[in-house]
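Counting convention: from 1, in listed order, for ligands and their atoms alike.
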Amino acid sequence: MQFQLDREQTEFRDAVVGFARRHLAEAALERAHASQYPWDVARLLAGQGLLGIAFKGEDGGHGGTLMDAILAIEAVASICPRSADVVQAGNFGPIRVLADFGSGLQKERFLKSLLRGESVISVGMTEPEAGSAVTDLRTTATPTPDGKGVRINGTKVFTSHAWYADVILTYVRFGPGVGGIGSVLIDTKSEGVRFGKRSSFMSGEEWAQVYFEDVYVPTEMILLGEGGFKRQIAGFNVERLGNAARSLALGRYAFELAREWALQRKQFGRLLAEFQGLQWKFADMKIKLDASQLLLYRAATNADRGLPSPDETAIAKVFCNQTGFEVANEALQILGGTGYSQDTLVEYCVRRCRGWMIAGGSIEILKNRIAEGVLGRTFSQRTN
Ligand SMILES: Cc1cc2nc3c(=O)[nH]c(=O)nc-3n(C[C@H](O)[C@H](O)[C@H](O)COP(=O)(O)OP(=O)(O)OC[C@H]3O[C@@H](n4cnc5c(N)ncnc54)[C@H](O)[C@@H]3O)c2cc1C
């Protein structure tokens, strides 16, 4: 068993940190408070080979591993937390599902511009009546009479990036039950795609309800047809690891700021670092950060170039989500009024980490899954 990064991984991580320090450090605070997507960062990271890190060369990727992509997200977040979202969007979420399961035509149409940092893809799973119970989704895909396509009708909520995305990987129902669920790629410029009123998350990111009103999708743009749900969710575990990595990285970012602060801020004539009440906070934070890191690296390393294990992913995500939030929150406490102010990124880290405890499979839903693994049986959450 090896608990250290190897030489190549260390060099890669250090190179990304160096790059981020040169190009992303200066505007980090400003970027975090802007609601729009950082397109300049997307192009910059694409040029540096940091989008599609673990994708195949023939797809425009760089042939790396999932662990490399995790290292990139951590390295970028350590300098500019907001820019880590671009690493996520270009490596972990629906883009990875498209790269793994998409046809040549689908990749030609969408993947290339995504990897150039010129566009972004959203995932539309959640609906007003189907959140945690995602398999209750009602958005339908009905075959057209000529058999050349499907018509999509339904509503999605909380779809990250949807406003400016070129394409939404949309979960739809071709028939009844879990087996009837699949997914389609919907061009956001298609006739019948409509956005509702803009709303903001606590993180400052904007979202809007997305309405599909008889949207035509040609058969070639069906990603995973009827029966595709399980494969789709297997791909979604990559998104979960990106979510976990950002939680951990933002917790660590806030921790580092608090550490520096405690070593220079004096009260009662002494450095904050000299008060035992704060020393124990640092010890607890460090234990949580290290433990989360090991769980995250286990899930990513075991996946190598494939998809991560559902159980290892769930365990890593729950622990990283809790750690990120708790550590960032304690860091804020250590910085006092300065931490609560928008003059540092600590309060931003708290707000962002809070959302990841809900997004991508909430802590409770993932714990249900972990418990099923422990007890060796499934427990229906339904009344019948
Ligand atoms: C920042 C952010 C970004 C998001 N981005 C996207 C996106 O890009 N695409 C997308 O499709 N969706 C996205 N979502 C939506 C997200 O997937 C849902 O919010 C999530 O699945 C929970 O659904 P819900 O909000 O409807 O809560 P509900 O399902 O109503 O749950 C409410 C609470 O009850 C708990 N709960 C529910 N069922 C159980 C159970 N059986 N046992 C124990 N506890 C339970 C939940 O954990 C939660 O705490 C995003 C959400 C957030 C916060």
Starting from [atom], what is the nearest protein heavy atom, named by residue and atom, and what distance separates them?
atom: atom 8 (O) of ligand 1; result: S160 N, 2.9 Å
atom: atom 19 (O) of ligand 1; result: I358 CG2, 3.6 Å
atom: atom 52 (C) of ligand 1; result: A359 CB, 3.6 Å
atom: atom 26 (O) of ligand 1; result: G131 CA, 3.3 Å
atom: atom 53 (C) of ligand 1; result: G355 O, 3.9 Å
atom: atom 39 (C) of ligand 1; result: I365 CD1, 3.6 Å

Do [Y] and [X] meet the salt-bridge criterion of a basic N to acidic O distance under 4.0 Å?
X: R382; Y: D136; result: yes
X: R82; Y: D85; result: yes
X: D284; Y: K288; result: no
X: E74; Y: R13; result: no
X: K112; Y: E108; result: yes

Considering only heavy atoms of [X], which atoms of ligand 1 have at least one such atom less than 4.0 Å away?
X: N368; answer: 40 (C), 41 (N), 42 (N)
X: M125; answer: 10 (C), 11 (O)
X: S362; answer: 46 (C), 47 (O)
X: Q381; answer: 40 (C), 41 (N), 42 (N)
X: E364; answer: 43 (C), 44 (N), 46 (C), 47 (O), 49 (O)

Problem - Criterion salt bridge (Lys or Arg N to Asp or Glu O under 4.0 Å) on R252 and E256, from CA distance to verdict - result: CA-CA 6 Å; R252 194 178 289 286; E256 289 299 338; 5.2 Å; no
Between the side chains of [X] and [Y], does any donor sit under 3.5 Å from an acceptor?
X: S183; Y: Q232; value: yes
X: E220; Y: S103; value: no
X: D187; Y: S190; value: no
X: N302; Y: E312; value: yes
X: N243; Y: R240; value: no

Given the protein's heavy atoms, is any one of them under 4.0 Å from [atom]?
atom: atom 30 (O) of ligand 1; answer: no
atom: atom 3 (C) of ligand 1; answer: yes
atom: atom 35 (C) of ligand 1; answer: no

Exercise for the section: Give a yes or no on this: more than 12 heavy atoms of other residues, nucleotides or ligands lie within 6.0 Å of atom CD of Q333. Expected result: no
Exercise for the section: Please work out whether any backbone atom (N, CA, C, O) or any side-chain heavy atom from C-beta onward of F201 is under 4.0 Å from ligand 1, and answer side chain, backbone, both or neither. Expected result: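 It is the side chain that gets close, since no backbone atom is under 4.0 Å.
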Exercise for the section: Specify side chain, backbone, both or neither for S132, according to which of its non-hydrogen atoms lie closer than 4.0 Å to ligand 1. Expected result: both
Compute the shortest N/O to N/O distance between [X] and ligand 1 and return yes if it is under 3.5 Å, no if not.
X: T159; answer: no
X: T126; answer: yes
X: V123; answer: yes
X: F158; answer: yes

